[in-house]
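Have a look at the structure below, then the notes.
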Amino acid sequence: MNYLQLRQKFRELSGRFDLVTDTGVDTGAGFFINEGRKFLDRLDETQKSWGVCYRFLNIGFSSVQFPYCRAIKEIWAGSTTAKWQLEKKRLQDLVEGYLTGLPSSRSTGLPEYYAPCITRYIPDNANPLTLESFIGWIDVPTGKAHEYNAILVSVPASEKLTIMINGLFYSPELINDTDENYWSAVHPQLLIHAAMRQIEIVNRNTQGMNDWAGAISTDMQQLGFDLVEEMIAESSEMEG
């Protein structure tokens, strides 16, 4: 289902005519549907929980930013001649061991290590450029980059690289009437149930919330079984 069809079915199943008009215009349902989407994304791991995001690391830069990532799992780098996986380091170790001196004075190269990076400045509109000589790294998201995660790499890139981020990502937000995501296209009833659970939370209806949570968990468990089946397929040896 696309977003319009989903709202219309939500109106039919929930009876909440105040949240969707008879022509499918959103008068409040969209908020609960998208919050339900995030709830399903976080609830359990499915075959669609993982995603890959490609970003360029330009010459002289040592950070990459990417949106809607729940958890970074792997980082790969690629040039025109090679591809390699970056090894994860603690941010403290990366800064102390590699990101020394002024950013403008560092030698470039091909990074071998990365660390998930802090992406918030306090206050949000702080200008870190004024502190370059003290903080040692400055090329991270600034301003209202609330939806972004970032990584720092161990050395500014000596050539333009493609960075591949493998990890857990949120499914796309539904905005336009024709929008679809995994939940709306493959499991629309489950997404509607999640939206109705969110409504019960706002209404402080504990019993209703628990009833919906139980129904949702049963369906999510079946999706989890599919993931396990895929992971164990063609595995013929037992470790021990």
Side-chain angles (χ1 to χ4, degrees), residues 1-16 19-20 29-54 66-76 85-88 116 147 149 151 164-240:
M1 287 184 174
N2 62 32
Y3 189 28
L4 173 59
Q5 295 167 331
L6 191 74
R7 294 197 307 269
Q8 292 170 327
K9 182 58 69 171
F10 171 87
R11 171 187 165 93
E12 174 189 337
L13 295 179
S14 69
R16 291 299 302 265
L19 298 179
V20 185
F31 173 79
F32 296 108
I33 290 172
N34 276 299
E35 287 301 302
R37 162 191 62 94
K38 290 189 289 186
F39 169 71
L40 293 178
D41 286 337
R42 295 189 297 261
L43 185 58
D44 202 354
E45 187 173 330
T46 72
Q47 292 164 310
K48 299 298 182 180
S49 298
W50 283 66
V52 58
C53 181
Y54 291 95
F66 40 94
Y68 310 121
C69 183
R70 294 171 47 218
I72 301 166
K73 293 293 190 177
E74 296 176 349
I75 300 293
W76 291 76
Q85 184 174 2
L86 275 61
E87 181 181 339
K88 182 180 179 181
E147 71 273 22
N149 292 48
I151 60 166
M164 182 175 72
I165 303 102
N166 290 335
L168 302 177
F169 286 82
Y170 282 107
S171 53
E173 182 180 3
L174 298 171
I175 300 173
N176 302 309
D177 285 349
T178 56
D179 287 351
E180 292 184 347
N181 61 27
Y182 168 63
W183 301 111
S184 69
V186 184
H187 304 288
Q189 184 170 345
L190 186 56
L191 179 52
I192 290 172
H193 288 175
M196 293 166 75
R197 173 190 176 273
Q198 298 304 115
I199 292 175
E200 299 296 353
I201 293 174
V202 173
N203 291 335
R204 297 185 296 177
N205 182 356
T206 303
Q207 184 60 57
M209 180 191 69
N210 290 337
D211 288 345
W212 281 122
I216 292 167
S217 295
T218 299
D219 287 341
M220 289 294 290
Q221 186 179 48
Q222 301 302 315
L223 297 181
F225 290 159
D226 290 343
L227 177 62
V228 172
E229 287 294 331
E230 183 172 87
M231 294 174 65
I232 66 175
E234 301 188 36
S235 297
S236 58
E237 296 183 4
M238 295 182 63
E239 296 183 1

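Every value quoted in this text rests on a predicted model; they were computed, and no experiment measured them. Computed from heavy atoms alone, side chains included, the values below leave out hydrogens, waters and symmetry copies. Numbers for residues simply follow the sequence, beginning at 1.
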Point to revise | Contact check, side chains of Trp50 and Leu168, non-hydrogen atoms, under 4.5 Å | key: yes
Exercise for review: Take Leu190 and Ile216, measure what side chain to side chain contact (heavy atoms under 4.5 Å, CB included) needs, and give me the verdict at the end.
Suggested key: CA-CA 7 Å; Leu190 186 56; Ile216 292 167; 4.0 Å; yes
**Study point:** Beyond-backbone contact of Arg37 with Pro172, side-chain heavy atoms, under 4.5 angstrom
**Key:** no
Point to revise | Nearest-0.5 Å distance, CZ of residue Arg7 to CZ of residue Arg16 | key: 16.0 Å
Point to revise | Closest non-hydrogen atom pair between Ser171 and Asn181, with its separation | key: OG-ND2, 4.1 Å
Study note, to complete from the structure: Rounding to 0.5 Å, atoms OH (Tyr68) and CG (Asn149) come to a distance of 11.5 Å
Exercise for review: Evaluate salt bridge (charged side-chain N to carboxylate O under 4.0 Å, His left out) for Glu12 paired with Lys9, printing each intermediate quantity in order.
Suggested key: CA-CA 5 Å; Glu12 174 189 337; Lys9 182 58 69 171; 3.1 Å; yes
Practice item. Flag yes if more than 12 heavy atoms outside Gln85 fall under 6.0 Å of its CD atom; otherwise flag no. Key: yes
Revision key, fill the gap. For residues 192-220, the ring-ring contact (aromatic ring centres under 6.0 Å, His included) pairs (sequence neighbours left out) are His193-Trp212
Practice item. Evaluate the side chain to side chain contact (heavy atoms under 4.5 Å, CB included) criterion for residues Phe66 and Ile151: first the C-alpha distance (whole Å), next the side-chain angles of each, then the deciding distance (0.1 Å), finally the verdict. Key: CA-CA 9 Å; Phe66 40 94; Ile151 60 166; 4.0 Å; yes
Point to revise | Minimum-distance pair of heavy atoms, taken over all atoms of Ser49 and Arg70 | key: CB-NH1, 4.5 Å
Practice item. For Phe39, enumerate each residue passing the ring pair (Phe, Tyr, Trp, His ring centres under 6.0 Å) test, keeping only those at least two apart in sequence or located in another chain. Key: none
Check your understanding: Say you draw a straight line from CD1 of Ile75 to CD of Glu87; how long is it, rounded to the nearest 0.5 Å?
Key -> 13.0 Å
Check your understanding: Taking all non-hydrogen atoms of both residues, which atom of Leu191 and which atom of Leu40 are closest, and how far apart?
Key -> CA-CD1, 3.8 Å
Exercise for review: Starting at CE of Met1, measure out to CZ of Phe10 and round the result to the nearest 0.5 Å.
Suggested key: 13.0 Å
Check your understanding: Just how far is it from atom OH of Tyr182 to atom NE2 of His187, taken to the nearest 0.5 Å?
Key -> 3.0 Å
Hey, can you pull the donor-acceptor pairs under 3.5 Å for the side chains in residues 217-227, sequence neighbours left out?
{"unit_1": "Ser217", "atom_1": "OG", "unit_2": "Ala213", "atom_2": "O", "d": "2.8"}
{"unit_1": "Thr218", "atom_1": "OG1", "unit_2": "Gly214", "atom_2": "O", "d": "3.1"}

Check your understanding: Within the side chain of Asn2, is there an N or O that forms a donor-acceptor pair under 3.5 Å with the backbone of Leu4?
Key -> yes
Exercise for review: Decide yes or no for Trp183 and Asp41: does some side-chain heavy atom of the first lie under 4.5 Å from some side-chain heavy atom of the second?
Suggested key: yes
**Study point:** N/O donor-acceptor pair under 3.5 Å between Asp179 side chain and Asn176 backbone
**Key:** yes
Exercise for review: State, to 0.1 Å, how close Val52 and Phe169 come at their nearest heavy-atom pair, and which atoms those are.
Suggested key: N-CE1, 4.4 Å
Exercise for review: May I ask you to test the Arg197-Phe32 pair for a side-chain heavy-atom distance under 4.5 Å?
Suggested key: no
Review point. Which atoms form the tightest heavy-atom contact between Gly30 and Tyr3, and what is the distance?
Key: CA-OH, 2.9 Å
Practice item. Determine the minimum heavy-atom distance between Lys73 and Gly167, stating which atoms define it. Key: CG-CA, 3.7 Å
Review point. Just how far is it from atom CG of Asp177 to atom CG of Leu6, taken to the nearest 0.5 Å?
Key: 11.0 Å
